[in-house]
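What follows is one structure encoded as C-alpha cells, with my remarks underneath.
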Number of protein chains: 2
Amino acid sequence: MARVDRSLVTHLPLFAGVKPDDLEEILREARSARYPKNSAIFEQGADAQSFFLLLHGHVRAAKTTPTGEQIVVRYVAPGETFGLATAIGLAHYPATATAVDDSIVLIWPTAAWPRLAERFPSLAANTLQTVGARLQESHTRILEMSTQQVEQRVAHALLRLAKQSGKKLDQGIEIDFPISRQDIAQMTGTTLHTVSRILSGWESQGLVESGRQRIILREPHRIVVLAERSADSGAA
Amino acid sequence: MARVDRSLVTHLPLFAGVKPDDLEEILREARSARYPKNSAIFEQGADAQSFFLLLHGHVRAAKTTPTGEQIVVRYVAPGETFGLATAIGLAHYPATATAVDDSIVLIWPTAAWPRLAERFPSLAANTLQTVGARLQESHTRILEMSTQQVEQRVAHALLRLAKQSGKKLDQGIEIDFPISRQDIAQMTGTTLHTVSRILSGWESQGLVESGRQRIILREPHRIVVLAERSADSGAA
DNA sequence: CCGGGTATTTGCGATAGCGCAAAACGGAAC
DNA sequence: GTTCCGTTTTGCGCTATCGCAAATACCCGG
C-alpha cells in the first residue's frame, strides 16, 4: 500500500500531541482513495465499515427523513474527519456523505479504531474535542433556528462557510465549492425559493455576487451586520 | 471527604469497562453536592471549573442568546453527565445548568479530567460515545425543526421526555419533573402560546392531562401517531 | 453551435404560527 | 382564608414564509 505523505497531515489538530513515530503507525493502517465530484462516499444506514479524513476536496454530509426530506448536516473541509460512526458507538452511518468536488480521503477500517484510541490517548482526546465542537455548532444552529428569521440564518450560514472554506478574491470571498440554493436551504431550515429571494435581494444591494452553484460575498462586513441585526430593525 | 456509595454508579454506561479498583480511584477525586430546586449549578460563560454526574433529581441545560432568548439544550436525568466543557476543550460553560428538582451531583474538578481520560481509556471512550449520542440527538432535532410542524415537534419532545424521565402511572406516563409550557416551547422552537394551544387541544381529545408544570401522557400511542403523521393528513 | 437537463428566479395566494393583550387560574406564604 | 405572583389559557390580527407554478437562465455534452 502506498505510503501517505506525512507532510499533508502532521499539523492537523487531529494529530496534535501525537509523536511522529506514532503518527507513522496510525497512517500505516489507512489507505487513500479518490472520489470524483458528485460520487457517494457512504450512505445513511449502511454498515459503518470505515472512517475518513478528508485530504482534498469537499464533502457534504446530509441526513434524510423517512419521507425523503433532506438537511445538510455539514460540509467537510480538508483536514477534517468524517464518518466517525464507530468512534461514537454507532454500527451504521447516521448520514450520507457525498463528494461535492473531486476529493481525496484517507480511509481507516472501523476495526482499527478501538486499538488506535486506546494506544494513542491524544488521538482519542482530539477526537472528543472535534465531536464536542460539532455538538456546539449544532446547538448554535438550533438556537438560530429557534430565534432568528430566515434571512439572518442564511447570513450566518454563508459567513460560516466563508470562514471554513472561503477563497479570498479581489471582489470578496468566494465559497470554494459548488453549492446550490437548495443546499443552503437545507442548512438553514427553509426552502430554495426563499433562499433565492434573499440572495436576489442581496445581489441588488451589492452584498453578494452569485450564480449557478456559486456565491461570492462582496461585502462580508455588511452581511455580518445583517446576521446580527435583530428581527425588527427594518430596511429601506 | 465522604466516600461515594459505589452501588449508585457502578452500572452506569459511563463506567462500562472500568475495573472496580479504577472506579474507586475515579470516585475518590469527586465530591458530592446537593442543589435545591431552582438553584443554579453553573452559568453560561463562567469558567468551567468542574464537570458533573447527576445522581438524583433533574437538571436543565439552557443556552441564551445575546438578546436574551433561551433554548433548552436538554434535560439531564440521573446517571448522566453534564458540564463536560473541559473534556471537549472549552474553557467556559456553553450553557447554564439549573436544578429543576432537588438534585444530588458528583463533582470533579476540571483539572482531573486529562489524567482520568489518559489513565482510563474506557472512560474516555464512553465519554466520546455519550457526546456522540448527544450530537445525533441534536441532528435529529435540527431535522425535526426543518421538516416538521410545531405540533409534531411537541409530540416528539414529550415522547422523548417520557422515555427518558417518564413515571408510569395507571392513567398514563407522567413527566417526572416540573416542566412549563415555556420550557417545552424552548425545546421545540416555538412560543409558550402555541404549546398551550396544542396541549389544550390534546387535552380535549383525552390525549394528555396537564396542569401547572405537570404533564401526563394518557395515550402515548396516539401521540406517537401524531408525531409521525405527515404535514397534510388532516384532523376532524 | 445546439439541445437537454438542471438550477434559478419570480409571482401570487394560502396559512401556520407569532405577537400582543387580557383574563383566568393555581399554589404558596402568611 | 386571603393575597400575591407566576403560569396558563384564549382571542385576534398580522406577516413571514411556504407551496405551487411557470418562465428563464445557465452549463455540459455531443
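Residue numbers start from 1 in every chain, and the chains themselves are labelled A, B, ... in the order their sequence lines are given, proteins ahead of strands.
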(request) Using side-chain hydrogen bond (donor to acceptor under 3.5 Å, both in side chains) as the criterion, list what pairs up with His92(A), not counting sequence neighbours. (result) Asp47(A)

(message) As an exercise, state the distance from NE2 of His156(A) to CG of Leu161(A), rounded to the nearest 0.5 Å.
(response) 12.5 Å

(message) Let me confirm one number: the CD1-OG1 distance from Ile184(B) to Thr190(B), rounded to the nearest 0.5 Å.
(response) 11.0 Å

(message) Tell me which pairs pass ring-ring contact (aromatic ring centres under 6.0 Å, His included) where either residue lies in residues 175-201 of chain B, with sequence neighbours left out.
(response) His58(B)-Phe177(B), Tyr75(B)-Phe177(B)

(request) Please assess Glu174(B) against Lys168(B) for the test salt bridge (Lys or Arg N to Asp or Glu O under 4.0 Å), listing each intermediate value before the final yes or no. (result) CA-CA 6 Å; Glu174(B) 175 170 18; Lys168(B) 285 204 180 64; over 6 Å; no

(request) Could you encode protein contacts along nucleotides 12-18 of chain D as a string, one character per nucleotide from 5' to 3', using B for base contact, S for sugar-phosphate-only contact and - for no contact, with a heavy-atom cut-off of under 4.0 Å? (result) B---SSS

(message) Tell me every residue that passes side-chain hydrogen bond (donor to acceptor under 3.5 Å, both in side chains) with Glu209(A), counting only those two or more places apart in sequence or in another chain.
(response) Arg218(A)

(request) Heavy atoms only: give me the nearest Asp101(B)-Asp176(B) pair and the separation to one decimal. (result) OD2-O, 3.9 Å

(request) Search all heavy atoms of Leu158(A) against all heavy atoms of Ile215(A) and return the closest pair with its distance. (result) CD2-CD1, 4.1 Å

(message) Under 4.0 Å from a heavy atom of chain B: give me the 5'-most and 3'-most nucleotides of DNA chain C that qualify.
(response) dA16(C) to dG27(C)

(message) Near DNA chain D, counting only heavy atoms under 4.0 Å, which residues of residues 169-186 of chain B show up?
(response) Ser180(B), Arg181(B)

(request) Assign the ring pair Tyr93(B) / Phe52(B) to parallel, tilted or perpendicular, where the plane angle (0 to 90°) is split at 30° and 60°. (result) tilted

(request) Report the residues that fulfil side-chain hydrogen bond (donor to acceptor under 3.5 Å, both in side chains) with Gln182(A), sequence neighbours left out, ordered by chain and then residue number. (result) none

(message) I'd like to check the side-chain hydrogen bond (donor to acceptor under 3.5 Å, both in side chains) partners of Glu151(B); sequence neighbours left out, ordered by chain and number.
(response) Trp202(B)

Side-chain donor/acceptor pairs under 3.5 Å, residues 33-41 of chain A, sequence neighbours excluded:
residue, atom, partner, partner atom, Å
Ser39(A), OG, Pro36(A), O, 2.5

(request) Compute the angle between the rotation axes at the two ends of the helix from dC1(C)-dG30(D) to dC30(C)-dG1(D), each taken over five pairs, rounded to 10 degrees. (result) 50°

(message) Go through it in stages, so that I can follow the logic: the residues are Glu137(A) and Arg160(A), the test is salt bridge (Lys or Arg N to Asp or Glu O under 4.0 Å), and I'd like the CA-CA distance, side-chain angles, deciding distance and then a yes or no.
(response) CA-CA 10 Å; Glu137(A) 287 159 22; Arg160(A) 256 179 248 124; over 6 Å; no

(message) Tell me whether the side-chain N/O atoms of Ser196(B) come closer than 4.0 Å to OP1 or OP2 in dT8(D).
(response) no

(message) For residues 182-191 of chain A, which residue pairs pass the salt bridge (charged side-chain N to carboxylate O under 4.0 Å, His left out) check, not counting sequence neighbours?
(response) Arg60(A)-Asp183(A)

(request) Summarise protein proximity over nucleotides 21-27 of chain D in one line of letters, 5' to 3': B for base, S for sugar-phosphate only, - for none, counting protein heavy atoms closer than 4.0 Å. (result) B----BS

(request) Work out which heavy atom in Arg181(B) is nearest to a heavy atom in Ser210(B); give both atom names and the distance. (result) NH2-OG, 2.8 Å

